[in-house]
Amino acid sequence: MWRWRHVSSGIIIVATVAWVLIERSGLSFLSLCSDILLSLIVLLFLQANYAVFRKRQLQTLPELVLSEEMVNNAAASFRVKVNYMLLMAHDITLGKDFRHFFLVVIALWLLSIIGSLISFFTLLYIGIVISITVPALYNKFEDCVDRYAGLIRQKFSKHYKIVDERVISR
């Protein structure tokens, strides 16, 4: 999607306007979404009754039906992912996997810090902007980014080996 400049810039503009309006109005994201859906439902109801009053043909709405196969496939995929996460949590709590334990602790700690600093909607807005701009920037500066990422990976690997030898392997 980031390759289509008009679509990407439109998404960024709409996300920016929505973020500014929500942050300035003081409304929560959930209440704003329910107000918008309530307005749409009321407008559609009034439109349908107006069409009946004017004796016009109502527009047909497409019927949305989920097949049993689609639901079963989604549930099976979700079940596999949840079982994998539960197995990983089991290994972490039993002390079998220190590396995953360390990563989970760091990730939860960072999420706690980020959550105390910014709101969920701001985090969502930052995620939208990053998901559109980072791939475009990577495509433009791919060689330079790969070179520096390789250097950073080598340094982290070297430091991880030191920590592994001194702390984890004991």
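Note that the structure is predicted; figures quoted are calculated from it, not measured. This chain uses plain numbering: 1 for the first residue, then up along the sequence.
- Going from atom CD1 of Ile92 over to atom CG of Leu103 covers 8.5 Å, rounded to the nearest 0.5 Å.
- Residues Leu87 and Asn83 are not in side-chain contact: their nearest non-hydrogen atoms beyond the backbone lie 4.5 Å or more apart.
- In terms of hydrophobic clustering, with Ile, Leu, Val, Met, Phe, Trp and Tyr side chains grouped at heavy-atom distances under 4.5 Å, Leu123 and Ile130 are assigned to a common cluster.
- In this structure, the side chains of Ile118 and Ile126 come closer than 4.5 Å at one or more pairs of heavy atoms.
- To the nearest 0.5 Å, atom CG of residue Leu117 and atom CD1 of residue Ile113 are 7.5 Å apart.
- Side-chain contact between Thr122 and Glu23 is present, with at least one heavy-atom pair separated by less than 4.5 Å.
- There is a path of hydrophobic side-chain contacts, each under 4.5 Å, that joins Phe141 to Tyr138.
- In plain terms, the two heavy atoms of Met70 and Leu66 that are nearest each other are SD-CD2, 3.8 Å.
- Hydrophobic cluster membership for Leu86: Phe78, Val82 (Ile, Leu, Val, Met, Phe, Trp, Tyr linked by side-chain heavy atoms under 4.5 Å, directly or transitively).
- Checked by atom type and distance alone, the side chain of Ser9 pairs as donor or acceptor with a backbone atom of His6 at under 3.5 Å.
- By the 4.5 Å heavy-atom criterion applied to side chains, Val129 and Val134 are not counted as neighbours.
- When the side chains of ILVMFWY residues are joined at heavy-atom separations under 4.5 Å, either directly or via intervening members, Phe101 and Leu111 end up in two distinct hydrophobic clusters.
- Taking CD from Glu68 and CG from Asn73, the interatomic distance works out to 10.5 Å, rounded to the nearest 0.5 Å.
- Surrounding CZ of Arg153 are at most 12 heavy atoms belonging to other residues, nucleotides or ligands under 6.0 Å away.
- When hydrophobic residues (I, L, V, M, F, W, Y) are linked wherever their side-chain heavy atoms come within less than 4.5 Å, Leu64 remains an isolated member.
- Interatomic distance, Ser131 OG to Ile11 CD1, rounded to the nearest 0.5 Å: 8.0 Å.
- Checking side-chain atoms of Thr16 against main-chain N and O of Ile12 turns up a donor-acceptor pair under 3.5 Å.
- Taken to the nearest 0.5 Å, the CG atom of Leu44 stands 11.0 Å off from the OG atom of Ser39.
- With rounding to the nearest 0.5 angstrom, the CZ atom of Arg54 is 14.5 Å from the CG atom of Asn49.
- Under a hydrophobic-cluster definition in which Ile, Leu, Val, Met, Phe, Trp and Tyr are linked whenever side-chain heavy atoms come within less than 4.5 Å, directly or via other members, Ile162 and Phe102 are assigned to different clusters.
- Under a hydrophobic-cluster definition in which Ile, Leu, Val, Met, Phe, Trp and Tyr are linked whenever side-chain heavy atoms come within less than 4.5 Å, directly or via other members, Val17 and Trp19 are assigned to different clusters.
- No more than 12 heavy-atom neighbours from other residues, nucleotides or ligands sit within 6.0 angstrom of CD1 on Ile41.
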